[in-house]
Amino acid sequence: MTATISAKLLEWYDRNARRLPWRVRGEERPDPYRVWLSEVMLQQTTTAAVVPYFARFTARWPTVEALAAAPEEEVMAAWAGLGYYSRARNLVKAARTVAGLGGFPDTETGLRALPGVGDYTAAAVAAIALGRRAVVVDANVERVVARIFAIDAPLPGARKAIRAKADEITPDERAGDFAQAMMDLGATICTARDARCLLCPLQSDCAARASGDPLRYPIKAAKKAKPLRTGTAFWIEREGAVWLVRRPAKGMLGGMRALPDDGWRAGADGGGDAPIAGAWKAAGVVRHGFTHFDLELGVALHAGDTNPQGEGEWWPIDRLAEAGLPTLFAKAAERVLASRAD
DNA sequence: AATCCGTGGAC
DNA sequence: TGTCCAAGGAT
């Protein structure tokens with residue numbers, strides 16, 4: 001019997017593991033807090049984008065207790081720019097739950113009950129930080145498994161079959177390293193756009209390679225077209241400060257500071273209605289792509305002296321970077337300030 | 001089950 | 001430029 005898939009992969013990992021800030025070297029078991037934090041940040045997010053955020057978060061909140069004690073608003077602002085903002089809200093909730101428990105749950109099931117922790121994250125933390133055997137399936141694992149076994153069913157329907165195969169090849173020991181090895185393999189060799197089979201430690205085990213067309217896998221369902229929406233954001237300024245509002249907790253950019261807007265959303269264009277009466281002057285257009293629609297956001301400058309109604313705050317323009325605006329509104333603000341500098 | 005939810009980099 | 005997609009989760 002030749003070496004198993006997991007044995008070959010672990011041997012490869014021991015020589016080729018990426019060095020990442022949330023990983024520890026050697027036999028030492030990593031801090032569950034850092035593993036959990038990194039896994040949440042890494043949900044649908046590239047390692048390159050996560051690295052600076054992870055550094056800032058762990059410097060500012062070194063323990064789960066410190067994070068639990070932080071005002072939610074500060075965590076949301078620190079998350080600004082990373083996207084999928086419900087992650088930040090759930091991060092605070094989960095940290096407070098963990099602090100209340102006196103520490104992280106020590107089972108995959110216990111972890112799975114935390115807000116923002118789904119099947120993937122629970123398995124990853126259980127395997128990497130707790131040393132438990134867990135079947136970790138992310139997009140990398142799906143792709144690698146779909147190729148090794150040449151799974152012909154399209155995603156997302158093939159998920160159950162893929163998970164069953166992943167379970168078959170997951171070892172009883174070093175399941176955390178195995179998971180990270182699968183992800184490293186998927187990130188560096190068996191990638192979505194490339195299959196560098198000659199570099200792959202599993203090349204002789206791979207049905208997709210044997211088929212001659214490894215990139216055919218995983219098979220995916222066709223995507224829907226993204227609509228283009230239009231909307232307007234409003235820049236209301238007074239004595240060196242701009243009027244910011246806080247968006248509703250749920251929905252797009254939920255809970256984040258923002259410029260007032262005209263109600264644009266995924267399903268409809270904005271109504272064009274300004275928050276206050278007066279003269280408005282167009283200050284340019286910002287294009288921004290979201291996951292399921294594109295937005296063309298006009299920016300309008302207020303020329304009058306009427307006070308805005310309702311909830312909001314005057315934010316000093318020279319400290320706007322600290323407001324924690326999501327990228328869309330940071331772009332809009334940048335556009336206003338750039339047009340003024342001309 | 002299908003849809004909603006950000007962003008930036010690679011090509 | 002447009003397209004794809006990256007350590008997914010909640011509803």
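No hydrogens, no waters, no symmetry mates; every other heavy atom, side chains included, goes into these values. Letters A, B, ... are given to chains in the order of the sequence lines, protein chains preceding strands, and every chain is numbered from 1. For clarity, every value in this text was computed on a predicted model and none was experimentally measured.
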> Among dC5(C), dT7(B), dA7(C), which is the nearest nucleotide to the side chain of Tyr85(A)?
Replying inline: dT7(B)
> Does a donor on one side chain and an acceptor on the other come within less than 3.5 Å for Glu39(A) and Tyr120(A)?
Replying inline: yes
>> Counting only side-chain heavy atoms from C-beta out, which of dG8(B), dA7(C), dG6(B) sits nearest to Thr327(A)?
In response: dG8(B)
> Across the strands shown, which category fits Arg159(A) at heavy-atom distances under 4.0 angstrom: base, sugar-phosphate, nothing?
Replying inline: nothing
> Hey, does Leu295(A) reach any base, or is it just sugar-phosphate, or nothing, if we go heavy atoms under 4.0 Å?
Replying inline: nothing
> Reckon Val117(A) touches a base, only the sugar-phosphate, or nothing at all at heavy-atom distances under 4.0 Å?
Replying inline: sugar-phosphate
> So Trp264(A) and Phe293(A), would you call those rings parallel, tilted or perpendicular, with 30° and 60° as cut-offs?
Replying inline: tilted
> dT7(B) phosphate, OP1 or OP2: any side-chain N/O from Thr291(A) under 4.0 angstrom?
Replying inline: no
>> Distance alone, cut at 3.5 Å: any donor-acceptor contact between the side chains of Thr4(A) and Ser6(A)?
In response: yes
> Which class fits the ring pair Tyr33(A) and Phe104(A): parallel under 30°, tilted 30 to 60°, perpendicular over 60°?
Replying inline: tilted
>> Counting the atoms with a prime plus P, OP1 and OP2 as sugar-phosphate, which does Met183(A) contact under 4.0 Å by heavy atoms, base, sugar-phosphate, or nothing?
In response: base
> Are any of Tyr84(A)'s side-chain N or O atoms less than 4.0 Å away from OP1 or OP2 of dA6(C)?
Replying inline: no
>> Taking donor-acceptor contacts at under 3.5 Å, does the side chain of Thr46(A) reach the base of dG8(B)?
In response: no
> Between Lys226(A) and dT3(C), does any side-chain N or O lie under 4.0 Å from OP1 or OP2?
Replying inline: no
>> Any donor-acceptor pair, under 3.5 Å, between the side chain of Thr45(A) and the base of dG6(B), if you only look at N and O atoms?
In response: yes
> Checking Arg174(A) against Phe178(A): charged group under 6.0 Å from the ring centre and within 45 degrees of the axis?
Replying inline: no
>> What is the distance, to the nearest angstrom, from the CG atom on Leu82(A) to the P atom on dG9(C)?
In response: 15 Å
>> Less than 4.0 angstrom between a side-chain N/O of Lys220(A) and OP1 or OP2 of dC5(C), yes or no?
In response: yes
> Does the side chain of Lys223(A) get closer than 4.0 angstrom to OP1 or OP2 of dC5(C) through an N or O atom?
Replying inline: yes
>> Should the side chain of Arg18(A) and the base of dA7(C) be counted as holding a donor-acceptor pair, with the cut-off at 3.5 Å?
In response: yes
> Which part of the nucleic acid, if any, lies within reach of Ser38(A) when heavy atoms closer than 4.0 Å are counted: base, sugar-phosphate only, or nothing?
Replying inline: nothing
>> With a 4.0 Å limit, can you tell me whether His292(A) has a side-chain N or O closer than that to the phosphate oxygens OP1/OP2 of dC5(B)?
In response: yes
>> Determine whether a donor-acceptor pair (one donor, one acceptor, N or O, separation below 3.5 Å) exists between the side chain of Arg193(A) and the base of dC5(C).
In response: no
> Can you check the Gln44(A) CD to dG9(C) C1' distance for me, whole Å?
Replying inline: 9 Å
> Should Arg87(A) and Thr45(A) count as side-chain neighbours, where that means a heavy-atom distance under 4.5 Å?
Replying inline: yes
> Is His288(A) near enough to dT7(B) that one of its side-chain N or O atoms lies under 4.0 angstrom from OP1 or OP2?
Replying inline: yes
> If only side-chain N and O atoms of Arg265(A) are considered, is one of them under 4.0 Å from the OP1 or OP2 phosphate oxygen of dC4(B)?
Replying inline: no
> What does Gly81(A) touch in the nucleic acid at a heavy-atom separation under 4.0 angstrom: a base, only the sugar-phosphate, or nothing?
Replying inline: sugar-phosphate
